[in-house]
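What follows is a short report on a single structure.
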2 protein chains.
Amino acid sequence: MIDAAGLRVMKAIADAGSFTGAANALGFTQPAISQMVRRLEQRTGTILVERYGRQVRLTEAGEVLARHAVGVLAALDAAEEEISAIAGLRAGRVRLMAFPSSSASLVPKALAILKDRHPDVTIHFTEAEPPESLAALRAGDCDVAVAFAYEGMDLGEIEEDLTALVTHKLLDDEVRLAVPAGHPLATQGVAHMADFSSEEWIAGCPRCRGHLLSLAGHAGFAPNVAFETEDYVAVLGLVRAGLGVALVPDLILRAAKPEHVVALPLEPASRRQILAVTTPDLQRVPAVHAAIGALCEAAGVPVPQVEEPMAPAPV
Amino acid sequence: MIDAAGLRVMKAIADAGSFTGAANALGFTQPAISQMVRRLEQRTGTILVERYGRQVRLTEAGEVLARHAVGVLAALDAAEEEISAIAGLRAGRVRLMAFPSSSASLVPKALAILKDRHPDVTIHFTEAEPPESLAALRAGDCDVAVAFAYEGMDLGEIEEDLTALVTHKLLDDEVRLAVPAGHPLATQGVAHMADFSSEEWIAGCPRCRGHLLSLAGHAGFAPNVAFETEDYVAVLGLVRAGLGVALVPDLILRAAKPEHVVALPLEPASRRQILAVTTPDLQRVPAVHAAIGALCEAAGVPVPQVEEPMAPAPV
DNA sequence: CTCAAGCATAAGCGCCGCTTATGCCCGGAG
DNA sequence: CTCCGGGCATAAGCGGCGCTTATGCTTGAG
């Protein structure tokens, strides 16, 4: 029944003291104000402006509207400013979820870039394995998930469901076979899975274990998994102690630089991709876009030149 | 840039959790909401709603708008309610100015009626002679002026300027000639001004004095004004003491019921009208309209059936 | 008396924004 | 696996809101 435009007009009249003045202040013509007031008056059922001679004065009801206008317009301006701050990265929030081993270097580096570039964007970070992080993404509890996916597998079972999501490839992580330094096959340049069919295996996280099973299956055996732990430091400790062999991503190895452990490249090679995942909508949220940019930058990947999040109302 | 309708939509989406639900809540169709959100998004330059699958969720920016919506819409409702209260006479104010002798009975009676009928309308009452009250009316400091005007004078000098004002005749007040009970002409049924040309005169307020001068001028003499006072009680006291004669409105005489004073009807008769004066605009203010109605009722005059102040937006 | 200033009114119309109709996509059930 | 229902997006259409230009009227000042 009564809208912001009406209040704006009433306030302008109160300030300017005339329809013409209000029109100039608002960038309208005088008849527009005249009609606007009339509309307001018949909508509210009350006379708002007293015309006497060639001057106008607000009636009591008019004063009421002009008074309320101050608060309403201020609140509207505040809302606009807050939105504009989010759009301009002077505010906003991005909720990031990354799997544990990515927290080692990639994510901290990216978050440092983001924080440096947009200090007023608040960052929420949670560690989570891909299944959970993607679920959170779908549930609306997360804006960007740093996940990984094993590539080249013709068995689709361990691939995450990425439908309706948008991914950015951050890193290609080669999976190596970690063996104790004294292992008989440690001096070979490469490792063929079939050669390790009788070893005892140490499995990582559930998905990594799936990957192990898949690779071994391809090589024609079912691995004897003697140990399971999600902590790669523990995995490497077990390998060093000669308790088994394990598939370990190169990124982990580079970060941990384990001694007395040899990491053999697999033949054929197996990689996993490290991805930044979000939804098409969230990607257009400025803070999310900036976060993905920072992740790409930290990974040394060209920043996706997604079209500007949105044209900010061309003047 | 952002208006109340937009906020209302965002809030409805937040509450309903879906576009369809919001549309039903607001009485729109679903595409209307869909387009509204899109408009808002391109206006603000930020994505406000995250569409995932067949559910929608507000983004951070969307939440901001929905949050601000509460306050803004509440303020708008408050303004509407306040206006509606004024229109419905559950609030409002009327500023009345009346000349002193009208305060004796007419105005108190009218204000009692008004207060009884609309207890929540606040009344401001100021005593003022017609020139001041009408000036206040023109200046916007008064809503209703109770004034008087002498009628039948062909000299326009004492008539008030009533252009651009609207008047309601309340009472016809006959002007009588007050003489001491023992006066030689006191036993005549009527008085002719010319017979009192050699009397000493007692004049009332400046305008009444003007009226006296006018009547005397018509009768062919200039009155010898020996006393001047604005207080009619004093006037009557002076008359009773035999210090002079005076023109006194019948209303005063009826209220004062002075003893030892004879009030002779003039021949030809002279009357003054007691009027309720306002402006065409103010007359449509509900409280003002009610006040004038109460004045007419108190005066025993049919209440002016002015068209309803305004059609309150026919549903 | 004339002129400038200011509001009201009329006519015109551009465009905003709602509706109807339809398509597409997702998710659940048989 | 396929069907179906629910929900959002899109297209087309158009009614009407609300602004502009043009003009008249009233007022107050010189």
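Basis for what follows: all heavy atoms, side chains included, without hydrogens, waters or symmetry-related copies. Here is the naming used below: chain letters follow the sequence lines, and residue numbers restart at 1 for every chain.
In this structure a side-chain-to-backbone donor-acceptor pair under 3.5 Å is present from A:Glu41 to A:Val49. Side-chain N or O atoms of B:Ser34 include none that pairs as donor or acceptor with a backbone N or O of B:Gln30 at under 3.5 Å. For A:Arg95 (side chain) and A:Arg93 (main-chain N/O), no donor-acceptor pair under 3.5 Å exists by modelled atom type.
Following rounding to the nearest Å, A:Phe19 (CZ) and D:dC19 (P) show an atom-to-atom distance of 14 Å. At whole-Å resolution of the value, CE in B:Met36 and C1' in D:dC8 are 17 Å apart. Rounded to an integer number of Å, the gap from B:Ile13 CD1 to D:dG7 P is 14 Å. In this structure, A:Ile47 places its CD1 atom 10 Å from P of C:dA8, rounding to the nearest Å. With rounding to whole Å, A:Asp281 atom CG is found 14 Å from C:dC25 atom C1'. When rounded to the nearest whole Å, the span between CD1 of A:Ile33 and C1' of C:dA5 equals 17 Å.
Distance from the side chain of A:Ser18 is smallest to C:dC7 among C:dC7, D:dA9, C:dC18. Here the side chain of A:Thr20 is nearest to one of C:dG6, C:dT19, C:dG17, namely C:dG6.
One finds no salt bridge joining A:Arg138 and A:Glu132 here, because no Lys/Arg side-chain nitrogen approaches an Asp/Glu carboxylate oxygen to under 4.0 Å. In summary, A:Arg90 and A:Glu81 engage in a salt bridge, as defined by a charged side-chain N under 4.0 Å from a carboxylate O.
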Under-3.5 Å N/O pairs linking protein and nucleotides 21-30 of chain D:
unit_1: D:dT27; atom_1: O2; unit_2: A:Arg54; atom_2: NH1; d: 2.9

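Checked against A:Leu165 for a side chain to side chain contact (heavy atoms under 4.5 Å, CB included), the options A:Leu282, A:Thr278, A:Leu137, A:Leu275 give a single hit: A:Leu137.
For the pair A:Ser34 and C:dC7, the criterion of a side-chain N or O lying under 4.0 Å from OP1 or OP2 is not met. For the pair B:Arg38 and D:dA11, the criterion of a side-chain N or O lying under 4.0 Å from OP1 or OP2 is not met. At D:dC17, none of the side-chain N or O atoms of A:Arg39 fall inside 4.0 Å of OP1 or OP2 (strictly under the cut-off). Contact between the side-chain N/O atoms of B:Arg43 and the OP1/OP2 oxygens of C:dG17 is found at a separation under 4.0 Å.
With sequence neighbours left out, A:Ala69 forms a side chain to side chain contact (heavy atoms under 4.5 Å, CB included) with A:Leu7, A:Lys11, A:Leu73.
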